[in-house]
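Encoded as structure tokens, the structure appears first; notes follow it.
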Amino acid sequence: MNRDASNSRIPDNEPTGNRTLSLDFIRTIVADDVRTGKWGGRVQTRFPPEPNGYLHIGHAKSICLNFGIAREFGGKCNLRFDDTNPTAEDQEYVDSIQRDVRWLGWEWDQLLFASDYFQQMHDWAVELIKKGKAYVCDLPAEEISRYRGTLTTPGRESPSRNRAIDENLDLFDRMRRGEFPDGSKTLRAKIDMTHPNMNMRDPVMYRILHATHHNTGDKWCIYPMYDWAHGLEDSIEAVTHSICTLEFEDHRPLYDWYVDAINEGRGADSKWGEPIHHPQQIEFARLELTDTMMSKRKLLELVRGGDVKGWDDPRMPTLSGMRRRGYTPEAIRNFCEMIGVAKFNSTVDFAKLEFCVRDELNRIAPRVMAVLNPIKIVIDNYAAGQVEELDAVNNPEDSSAGTRKVPFSREIYIEQDDFRETPPPKFFRLSPGKEVRLRYAYFITCTRVVKDPKTGEITELHCTYDPATRGGDAPDGRKVKATLHWVSAEKAIACEVRLYDQLILSDKRRAEAIPNREREPRDESRVHLDAPSAPHDWRSNLNPRSLEIIQQAWVEPSIRVAPAGSTYQFERLGYFCVDSDSSVGRLVFNRTVSLKDTWAKVEKKDLTFHASH
RNA sequence: UGGGGUGUGGUGCAACUGGCAGCACGUCUGACUCUGGAUCAGAAGGUUCUAGGUUCGAGUCCUAGCACCCCAGCCA
């Protein structure tokens with residue numbers, strides 16, 4: 001376990017090192033506390049996931065916040081599993097969460113489990129009972145709910161509320177020992193059934209759950225509720241800043257109440273002992289992304305329902321999905337820094353995440369040529385059987401990446417999109433009679449189009465090449481408007497390529513996809529994909545075309561043995577990484593993100609222009 | 001109708017204790033280019049939720065509204 005002061009393997013100057021000019025509101029609080037010596041200058045944070053699902057990009061924001069703050073202020077950050085509900089949790093998630101936090105680039109100070117504190121929490125609960133601040137309630141769930149009242153009407157006190165302390169002690173002990181069935185009794189805090197804050201209306205502290213826990217096994221059959229447990233966990237760990245999301249804002253009074261209740265009567269000569277540490281809870285707005293659904297419950301539904309292949313399906317917004325998709329930890333960390341931290345409930349444009357991914361991959365990804373939708377070209381004046389090995393630059397952004405050889409031959413493939421028999425305006429790729437450059441190879445001119453006599457479909461193109469342009473430059477100085485990527489038809493290797501689109505489509509995107517569809521009158525710029533809805537409602541927004549598989553694409557032979565996870569730029573197409581489904585003779589690529597495509601934009605604009613005129 | 005929050009270009013965030021509203025993404029131009037990528041240069045885009053008030057001066061302070069989000073699990 002890493003006990004260093006350092007909380008990550010991330011170099012100090014990146015990505016948060018230059019955040020000096022304006023701190024977000026949380027870092028401002030932390031900085032003030034450090035400056036005034038509130039906790040003796042100590043900073044202790046924690047990332048507290050419940051192991052009931054895989055981590056997603058929203059968690060990344062919280063992870064980078066908590067670990068980042070610890071690192072920036074010379075503090076420490078723990079990974080603590082908030083594992084208080086055995087019915088939802090699983091060891092698989094405990095493992096995946098650790099993997100994903102590390103992958104993101106962080107290292108925790110301590111690895112902790114809330115379940116390790118169950119005995120301490122139990123003892124404190126007994127203390128509250130003895131102080132008359134907690135009682136065993138006989139009401140069943142529906143009755144508790146009814147007694148709670150509503151948002152606008154006060155609740156009523158439980159008939160069990162004024163039980164004698166000794167009876168409460170006895171009952172709670174028998175709850176613990178397993179004398180009562182699930183749901184038959186609860187331990188509740190005695191606060192105020194008329195409190196305007198619903199959380200303060202005698203909240204449940206413990207429920208009976210005869211369930212096996214992934215960490216404690218069958219040792220316990222009572223489990224603490226979040227509100228009771230969370231502040232105590234923070235207190236035990238001496239957390240200084242307990243950072244959580246906005247929905248816990250009105251739980252804060254309860255968070256404070258519990259710690260204060262334990263501390264009541266504590267002091268130097270008290271039989272209860274010294275006061276316990278009281279951390280400060282601070283809330284920030286969780287991440288929302290356009291066209292992305294980040295509800296753990298719904299993601300679980302997708303996994304269980306077979307809509308995706310698993311938690312690490314490259315379409316999933318999970319960290320494991322993004323990793324498989326080819327997103328890098330640096331890109332995600334950068335993104336998290338870029339979006340900032342505030343209390344406003346906002347939705348970040350997915351394009352921003354893609355920007356960060358491209359930004360990073362552009363720097364590090366080796367370039368390679370691949371043809372996804374091939375059309376064959378026969379170069380009539382190039383000798384059959386001849387093969388030339390041409391020099392290609394591996395990464396124009398990084399001269400140290402060197403060069404490689406790419407084989408050229410009489411028959412090659414180019415992209416279907418790179419040829420138009422009747423080119424539209426501004427199309428300056430290949431068309432009959434036009435000359436273009438084959439990257440790193442030769443200038444070619446299209447001389448003939450061969451079509452299937454029955455279907456009229458283009459089957460191949462015939463071209464001539466100019467031997468003087470070898471390498472890609474004309475000695476006479478003539479220019480071409482376009483440079484096309486290509487692969488040798490005989491030397492290229494076949495591979496599978498998987499193209500992804502958003503799993504869930506907002507109404508806005510749906511409307512774009514179906515132009516004639518009547519637009520919704522409401523503002524569609526912020527569609528809450530995570531909003532509560534009828535069980536099947538959100539599923540109707542599933543994108544049927546979220547995955548497109550190209551069974552036979554072609555890549556240059558230089559990456560025949562590329563290992564799973566390695567990332568390349570397919571020139572002019574995008575960034576692709578080798579999927580774990582790959583086998584020795586069969587490469588499978590995931591498209592991580594496409595390159596920015598100005599032509600596609602122009603073409604689309606022209607199309608919509610003509611369609612509407 | 002209770003309580004807790006939040007409102008700044010299309011989007012996400014800034015703006016020290018009042019002093020010319022900035023940055024990034026996106027969009028659009030242009031330059032350059034053996035990736036229609038990258039890079040570079042530039043532009044458009046704001047009634048700082050609204051209305052009053054204080055002030056020489058208000059995104060910032062005061063008052064009153066409006067809108068949106070969260071809360072009635074023995075989930076977290």
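Within every chain, numbering begins at 1; the chains are lettered A, B, ... in the order of the sequence lines, protein sequences first and strands thereafter.
- Under the ring pair (Phe, Tyr, Trp, His ring centres under 6.0 Å) criterion, A:Y255 pairs with no residue at all, not counting sequence neighbours.
- Within the structure, a side-chain polar atom (N or O) of A:S346 is placed less than 4.0 Å from OP1 or OP2 of B:C13.
- Of the two residues contacting RNA chain B, namely A:A285 and A:T598, the nearest-nucleotide position lying further toward the 5' end is that of A:A285.
- A:E571 comes within contact range of at least one nucleobase, with a heavy-atom separation under 4.0 Å.
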Tabulate atom names and distances for all N/O pairs under 3.5 angstrom spanning the protein and nucleotides 41-43 of chain B.
none

Mind running ring pair (Phe, Tyr, Trp, His ring centres under 6.0 Å) on A:W599 and A:F427 for me, showing each step along the way?
CA-CA 8 Å; A:W599 165 246; A:F427 182 89; 5.5 Å; yes
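- Between B:A21 and B:G59, the two C1' atoms lie 8 Å apart (nearest whole Å).
- Side-chain atoms of A:N373 and A:D417 form no donor-acceptor pair, as typed in the model, at a separation below 3.5 Å.
- Residue A:Q569 places a side-chain atom within donor-acceptor reach of the base of B:U35, judged by atom type and a 3.5 Å distance cut-off alone.
- Remark: A:E415 engages A:H485 in a side chain to side chain donor-acceptor pair (under 3.5 Å) (not counting sequence neighbours).
- A ring-centre distance under 6.0 Å is found for A:F118 and A:H213.
- Across all strands, A:R252 comes closer than 4.0 Å to no nucleic acid atom at all (heavy-atom distances).
- Taking the centre and axis of the six-membered ring of A:Y135, the NZ or CZ atom of A:R188 falls outside the cone set by 45° and 6.0 Å.
- Counting to the nearest Å, the P atom of B:G3 and the NE2 atom of A:H195 are 10 Å from each other.
- Aromatic ring orientation, A:H56 versus A:H59: tilted (interplanar angle from 30° to 60°).
- The ring pair (Phe, Tyr, Trp, His ring centres under 6.0 Å) search around A:Y442 returns A:F408, A:Y465, not counting sequence neighbours.
- With RNA chain B read from its 5' end, the first of the two nearest nucleotides for A:L438 and A:Y575 is the one closest to A:L438.
- Nucleotides B:G53 and B:A58 place their C1' atoms 11 Å apart, quoted to the nearest Å.
- A salt bridge does not link A:E237 to A:R46: none of the charged side-chain nitrogens sits closer than 4.0 Å to a carboxylate oxygen.
- With sequence neighbours excluded, the residues forming a side chain to side chain donor-acceptor pair (under 3.5 Å) with A:S400 are A:D398, listed by chain and number.
- For the residue pair A:S115 and A:D83, a side-chain donor N or O sits within less than 3.5 Å of a side-chain acceptor on the partner.
- As a whole-Å value, the separation of A:E354 CD from B:G12 P is 17 Å.
- Using P as the reference atom, B:C25 and B:U39 are 9 Å apart when rounded to the nearest Å.
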Using nucleotides 22-30 of chain B, report all nitrogen or oxygen pairs with the protein that are shorter than 3.5 Å.
residue: B:A24; atom: N3; partner: A:K352; partner atom: NZ; Å: 3.1
residue: B:U27; atom: OP1; partner: A:K601; partner atom: NZ; Å: 2.7
residue: B:C28; atom: OP2; partner: A:K601; partner atom: NZ; Å: 3.4

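- Counting any heavy atom pair closer than 4.0 Å across all strands shown, A:V393 reaches no nucleic acid atom.
- Judged purely by distance below 3.5 Å, without hydrogens or angles, the side chains of A:E50 and A:Y93 never pair a donor atom with an acceptor atom.
- Straight-line distance between the P atoms of B:G26 and B:G7: roughly 25 Å, to the nearest whole Å.
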Once each nucleotide of nucleotides 71-76 of chain B is scored for protein heavy atoms under 4.0 Å, what B/S/- sequence comes out, 5' to 3'?
BBSBSB
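- Regarding A:I191, its CD1 atom lies at a distance of 19 Å from the P atom of B:G3, rounded to whole Å.
- Sorted by first and then second residue, the salt bridge (Lys or Arg N to Asp or Glu O under 4.0 Å) pairs with a member in residues 136-151 of chain A read A:D138-A:R163, A:D138-A:K185, A:E143-A:R146; sequence neighbours excluded.
- In this structure A:T194 satisfies the side chain to side chain contact (heavy atoms under 4.5 Å, CB included) test together with A:P154, A:D192, sequence neighbours excluded.
- Under the 90° criterion around 0 for the glycosidic angle, B:G73 counts as syn.
- Using modelled atom types, one finds no donor on one side chain facing an acceptor on the other under 3.5 Å when comparing A:Y575 with A:E360.
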Contacts under 3.5 Å, N or O only, protein and nucleotides 17-19 of chain B:
none

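- For the side chain to side chain contact (heavy atoms under 4.5 Å, CB included) test, residues two or more places apart in sequence or in another chain that qualify with A:T445 are A:E435, A:T464.
- The P atoms of B:C61 and B:U48 are separated by 16 Å, rounded to the nearest whole Å.
- Per the geometry, NE2 belonging to A:H485 stands 12 Å off C1' belonging to B:G36, to the nearest Å.
- Counting any heavy atom pair closer than 4.0 Å across all strands shown, A:P253 reaches no nucleic acid atom.
- If you take CD of A:E288 and P of B:C70, they are 9 Å apart, rounded to a whole angstrom.
- Donor-acceptor pairing under 3.5 Å is lacking for the side chains of A:Q569 and A:E571.
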Parsed dot-bracket for RNA chain B after applying the Watson-Crick and G-U rules with both distances under 3.5 Å and | for other-strand partners is .((((((..((((.....[..)))).(((((.......))))).....(((((..]....))))))))))).....
